[in-house]
Asks: 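Got a structure for you, questions after.
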Amino acid sequence: MIQLIRGFKDILPGEVETWQHIEKIARSLFEDFGFREIRTPIMERTELFARSIGEDTDIVEKEMYTFADRKGDLITLRPEATAAICRSYIQHKMYADDPVKKFYTIGPMFRRERPQKGRYRQFYQINVEILGVSSALADAELIFLLKTLCERLAVKDVEARINSLGCPQCRPGFKTRLQEYIASVSDQLCTDCIRRKDRNPLRVLDCKVPTCREAMTNAPSILACLCDVCDHEFTLLQSALDRLNVPFVLDKRLVRGLDYYTRATFEIQTRSLGAQSAVAGGGRYDALVQLLGGPDIPATGFAIGFDRLAEIVQINRSEQKRKPDLYIAAMGGKSQALAFGWLCELGAKGFYAEIDFQDRSLKSQMKRAGRLEAPFVLMVGENELEKGFAILRNMSTKDQEDVPLDELVESISKRIKSYDDFNK
Ligand code: ATP
Ligand code: MG
């Protein structure tokens, strides 16, 4: 038997309804805030990610699915969406008329990391990006969207954590202080942290190894090192969140693994997911558009881990599987052919009919209709064909009535509709 690839998964009927539900709620929320959908390809030139995500990150160091295509060009399955959205924004000069653009995108991402619960090699993200706005109010809008989405999905136990990463003005000063601290605890750090401490000391702050976390407990906070502009923007973000009644906690260890992030950074965490507690992460990436060859345009955005969100969203079981409006028990080849025509006509009108193609006994067909919880069964066999009508049975009242074969679809549709209206 051929099995799926490790770290990949199927999203089966029964589960997929939760995904559809989340997607529907998310889309309508984003569209109410003026975001428009963008879809970029699943593959891009490797260079795009190497340049924007940074050579020094887990993603570029060891997680990318990179291939040489038949001509030897290096291409990569996208590990995240932001770089491609910026590539597209620049390529299509979307900044030309009005640099302010609000996008969302939903789709699969690929990272070759160690598979475990909440961590897959193909996973899905819901991304939201605001380009062209430098104000921290755009960051507040994004965090408000995340909170509202969680509310609409009845997800509890979530918490917004925020931090600032400063800017090229003030971050170097912080880095130096952090490096001094790291030097004082370096005997307690893992080999990855030791390797990164010189080039990317911020990464040591978010290392997940327990001994590293312990060692970094008393690390200095970047918030004490922010320049005036960054400090002002961070205060603006916090007061906006207060006014919007969005609770948040300051988290000095919250840093992003991606180099283009500046200023506000945030994460939505939950206690319901165990080890993989981050449901969404985001922040400002003012340096990225220019880094990719575009104009100097600020931007901010977030990515929700769709798989993790789907784990904690509960939907009504009855929404999971559509029940047939009608079951057609047709006996004999002639009746079946006729019934199949009705099924198609009903389906095209929006009424779901089920049929048995195996010509089984009426008894076993009735059993199947019961299992599928069809409210009506239409019975038709040689006898009925001769008489010119089929028998419609209401499965709850057990009432039966004759339905003339000509204009059958019309009268059945009416019957189903009034039943639906009554049961609303
Ligand atoms: P983590 O710290 O959990 O590795 P990250 O910092 O790598 O997350 P981002 O790149 O910010 O994650 O991606 C945003 C969100 O995508 C995460 O908060 C998480 O919910 C989800 N995510 C990231 N990697 C995976 C994965 N391999 N499988 C499932 N979801 C993922
Ligand atoms: Mg990661």
Side-chain angles (χ1 to χ4, degrees), residues 5-11 15 19 22 26 49 52-54 56-65 76-85 104-129 139 142-143 145-146 149-150 153 155 157-163 165 192-193 196 200 202-210 212-213 251 253-261 264-285 288 300-313:
I5 313 168
R6 187 168 137 79
F8 288 62
K9 67 171 185 187
D10 299 316
I11 304 167
E15 244 177 306
W19 290 66
I22 294 172
F49 302 115
S52 60
I53 298 174
D56 231 19
T57 56
D58 280 346
I59 295 181
V60 175
E61 270 175 1
K62 54 189 184 197
E63 296 177 357
M64 291 203 308
Y65 280 98
T76 296
L77 289 174
R78 62 179 184 190
E80 55 100 49
T82 306
I85 291 175
Y104 73 91
T105 196
I106 303 174
M109 307 296 154
F110 304 84
R111 295 184 196 173
R112 199 177 188 293
E113 42 189 337
R114 196 170 69 78
Q116 50 193 288
K117 192 168 186 298
R119 204 172 276 291
Y120 309 96
R121 290 179 170 179
Q122 174 174 335
F123 63 102
Y124 294 77
Q125 283 187 343
I126 304 176
N127 272 80
V128 173
E129 321 279 352
D139 307 315
L142 295 176
I143 298 171
L145 277 180
L146 282 166
L149 181 63
C150 288
L153 294 170
V155 170
D157 267 349
V158 285
E159 182 177 77
R161 306 181 81 88
I162 65 170
N163 193 21
L165 297 178
D192 275 346
C193 285
R196 284 176 186 140
N200 198 345
L202 261 63
R203 290 297 315 283
V204 181
L205 280 170
D206 91 322
C207 179
K208 294 192 175 87
V209 176
C212 295
R213 296 195 70 81
D251 182 347
R253 291 157 69 136
L254 190 66
V255 293
R256 311 299 309 163
L258 313 184
D259 281 349
Y260 49 74
Y261 281 107
T265 181
F266 50 88
E267 204 161 89
I268 302 293
Q269 296 187 357
T270 173
R271 281 176 291 275
S272 328
L273 276 175
Q276 312 311 331
S277 59
V279 185
R284 187 156 275 287
Y285 50 98
L288 183 59
T300 181
F302 66 72
I304 300 173
F306 203 151
D307 311 69
R308 294 185 194 172
L309 187 58
E311 287 258 336
I312 50 176
V313 169

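Keep in mind that this is a model prediction, so the values were computed, not measured. Remember, it's 1-based here, ligands and their atoms both numbered in the order they're listed.
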Asks: Within less than 4.0 angstrom of ligand 1, does R121 place any heavy atom?
Replies: no
Asks: Considering only heavy atoms, does E267 approach ligand 1 within less than 4.0 Å through its side chain, its backbone, both, or neither?
Replies: neither
Asks: Could you tell me which residues satisfy side chain to side chain contact (heavy atoms under 4.5 Å, CB included) with K62, sequence neighbours excluded, listed by chain and number?
Replies: D58, D192
Asks: Measure the CG-CG distance between L165 and L254 for me, rounded to the nearest 0.5 Å.
Replies: 7.5 Å
Asks: Give yes or no for whether the N/O distance cutoff of 3.5 Å, strictly under, is met between A303 and ligand 1.
Replies: no
Asks: Rounded to the nearest 0.5 Å, what separates atom OH in Y261 from atom OG1 in T82?
Replies: 5.0 Å
Asks: Considering only heavy atoms, which of F123, Y124, F302 lies nearest to atom 31 (C) of ligand 1?
Replies: F123
Asks: Quick one: CG on D307 to OH on Y120, what's the gap to the nearest 0.5 Å?
Replies: 6.0 Å
Asks: Which bit of I59 is near ligand 1, meaning a heavy atom under 4.0 Å away: side chain, backbone, both or neither?
Replies: neither
Asks: In this structure, does ligand 1 have an atom that sits under 4.0 Å from one of the heavy atoms of E113?
Replies: yes
Asks: Using heavy atoms and a threshold below 4.0 Å, how should the contact between M109 and ligand 1 be classified: side chain, backbone, both, or neither?
Replies: neither
Asks: How far does CZ of R119 sit from CZ of R114, to the nearest 0.5 angstrom?
Replies: 9.0 Å
Asks: I need the Q125 CD to R78 CZ distance, nearest 0.5 Å.
Replies: 8.5 Å
Asks: Indicate the ring-plane relationship of F110 and Y65, choosing parallel, tilted or perpendicular according to the 30° and 60° boundaries.
Replies: perpendicular
Asks: Kindly compute the distance separating OG1 (T265) from CG (L202), expressed to the nearest 0.5 Å.
Replies: 10.0 Å
Asks: What atoms of ligand 1 come within less than 4.0 Å of a heavy atom belonging to K208?
Replies: 1 (P), 2 (O), 4 (O)
Asks: Which part of R308 is near ligand 1, with near meaning a heavy atom under 4.0 Å away: side chain, backbone, both or neither?
Replies: side chain
Asks: I'd like the name of whichever of Q125, R111, R119 reaches closest to atom 12 (O) of ligand 1 through any heavy atom.
Replies: R111
Asks: Going by the order shown, which atoms of ligand 1 are within less than 4.0 Å of some heavy atom of A280?
Replies: 18 (O)
